[in-house]
Amino acid sequence: MILRNIAIRHGRRALAAPLPTSQLRSLSTETTTLPQQTDLLPPTFSNQSTLENSAESGPKQLRITQRLGQAKPYHRAKKDPQIKRDFQLKKTIERTTGKLGALVEPHYEPSQLLVDPPTPQDVTLELLMASQSHLGHATSQWNPANSRYIYGVRQGVHIISLEETAAHLRRAAKVVEGVAYHGGLILFVGTRKGQSACVVRAAEMAGGCHLFERWLPGTITNGDQILRRCRMKAIDQHDKELQGYDDKIENWQALKPDLVVNLNPIENYLLLHECSLNNIPTIGVIDTDANPTWVTYPIPANDDSLRCMQVIAGVLGRAGEAGQKRRLAAAESGEVTWLPPPNLGAPVSEAEKIKRNELKKEAILKKRKADHEAIEQSKVTAAQRELGDFDDF
Amino acid sequence: MARGLNLKPSRVYQIVTQILESRGMPQPPPWYKTIESIPPAAILTRTQPVQHRELRKSKKRKPSRMFHPQPIEYEEDKLRRDFFRDHPWELARPRIVLENDGRDGQKVDWSRGIQQPGRQLSGESVVQRQLWLMNEQGMPNSQAYDMARKEFYHLRHQEDVERRVAREEAEWVGADFAKGALEVSMELEDKSYESWKSWAEKEVEVLNRQRDGAYTAAVTEHGDDTFERLGGDDIVVESTDTPDQPS
């Protein structure tokens, strides 16, 4: 195909996130610009937007399809100019060669769930079904506590109700947004194979932390030992690092998350148990064989499907991103939505530090001098006493 | 191990409220206000499941099964069972069950025929076409099945012809196809037959020598050369199509 050959000649990096413009055209509400091509198309498939029930038609166009035409460079381009140049080259190639070749029907692209995750507003029952979130485990493996989330039995497997999944997912998204707005630290955990990418992306968007390897028991209850090598920093309401807290940070207790989002609670019971001991709320994806009492906010869904986990992590990451944005916007207008820890106090400036060191040094010298004098004095009195003893004779 | 339910995760807000009231914490944690306004969902309650079955004889389901999820059934299920009972090898054809956006079912139009763009041709298309004919055109079951089936056979035949022609074209321009499964299995069978044959020859040799030994012993005793005259030595194995197994 012509498109691929030209792209390869220009370099491999230009193919970072393929988004053919032919795909954009078939998803938009506008008709095709080239009259010859519409004549060639069979009548029923000329334009998806002519179908009344289609979500792509009219003002109810899905956000996700709207955003396909506005692909933005990934934010790392701000740090690496080569990425920005490659992206611009890719866009030029797409513009010139995108209309050539066959019309590619809109289809599922796995990479798009990581590059452009869905927002809580994009959560529909169709999206959840396409992501296989309704497929539970064999009926013999179920936990009866989950019966309220199950729609029925099909082919020996429990089917999770899509409405329940959507409702619980939206609730969890609101919680993540609220915690991010109030300056809470969110930890995204997904220790199964293949979950690392979506967990890292979600944490990045929500401004939180991620974990995709085994949880070390005691990371919360024995954090001072296990997390002793982790760097801490003090930031202001605009997320800028503050100077003058080095001494306090050195002796500060290990940080604990304010909200934990877990994509596979069955394998992370210890993590959830530690959270309950420390009164940390948790969000977890509960399959038909999991225990819903382990988490504060269960999301009944299929934890064995990577696509489903990418959708859920993406939605929660987007919610966190929205919360962070709102928090920073409030800070810009002068409103701080969180309270600092009570023991932190004011920052200690350099001048103040030098002054304190000087005072400390003076105090030490004074003490040494006083001790020295006291020793000298005691020696003199001892000598006098000795002489006095001889005088008695 | 502690027994019973641990409901601490669901009661995080209530526990922290008590701690704050007793002044065990200097200030509420960052999540406090959010969780206050968004209480966790109810858990552990057994609700009556979605009813997929009609009530028969207006009797409630047996009490022990009243709260169990019910099997989901569709009218296509019977048609699927019938089709795949008649065409079991269609189950051997691989099927892609990946969905694009979940609206794939809205983009089909079974009035146009059994072949739909973006959808694989399989027993499922036969069933859907049959269902459309039954519901929209009021055809009886067997007639709709026959019509859908015939369209399906036509398309499968076309596929087979295309495959054969493509192979011939490729061979004409120099393609070298690997041995088919049948060829490979015939060669393996021939190999194992040859190895059996050489084993059988050795066994017959052994038997002959044993028999010779017996006869030779008899001849030396009585001084009779009848065996040698008859040429009893000359039992050889001839290759036949259906050799007998050694007893």
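Every heavy atom of this structure was used, including side-chain atoms; hydrogens, water molecules and symmetry mates were not. A, B, ... follow the sequence lines: proteins, then strands. Residue 1 opens every chain.
- Between B/Arg164 and B/Glu168, at least one side-chain N (NZ, or NE/NH1/NH2) sits under 4.0 Å from a carboxylate O, which counts as a salt bridge.
- Around atom CZ of B/Arg23, no more than 12 heavy atoms belonging to other residues, nucleotides or ligands sit under 6.0 Å away.
- Around CD1 of B/Ile96, the count of heavy atoms belonging to other residues, nucleotides or ligands within 6.0 Å does not exceed 12.
- Other residues, nucleotides and ligands contribute only 12 or fewer heavy atoms inside 6.0 Å of the OH atom of B/Tyr74.
- Ranked by non-hydrogen atom pairs under 4.5 Å with chain B, the options A/Arg171, A/Lys174, A/Met129, A/His158 are led by A/Arg171.
- Residue B/Ile38 touches chain A through both its backbone and its side chain, counting heavy-atom pairs closer than 4.5 Å.
- Taking chain B as the reference chain and counting heavy-atom pairs below 4.5 Å, the highest number among A/Pro292, A/Pro342, A/Ala167 is found for A/Pro342.
- No other option in A/Arg154, A/His168, A/Arg307 has as many heavy-atom pairs under 4.5 Å with chain B as A/Arg154.
- Proximity to chain A (any heavy atom under 4.5 Å) is restricted, for B/Ile15, to the side chain, taken from C-beta onward.
- Distance alone, capped at 3.5 Å, is enough to place a donor-acceptor pair between the A/Gln324 side chain and the A/Ala206 backbone.
- Contacts of B/Pro29 with chain A are absent, with no heavy-atom separation under 4.5 Å from either backbone or side chain.
- Heavy-atom pairs under 4.5 Å with chain B peak, among A/Asn143, A/Val295, A/Leu259, at A/Val295.
- Contact count against chain B (heavy-atom pairs under 4.5 Å) is highest for A/Asp258 among A/Leu128, A/Ile280, A/Asp258.
- Salt-bridge check for B/Lys107 with A/Glu105: failed, with every basic side-chain N at 4.0 Å or more from each acidic carboxylate O.
- Using a 4.5 Å cut-off between heavy atoms, B/Leu5 touches chain A through its side chain atoms alone.
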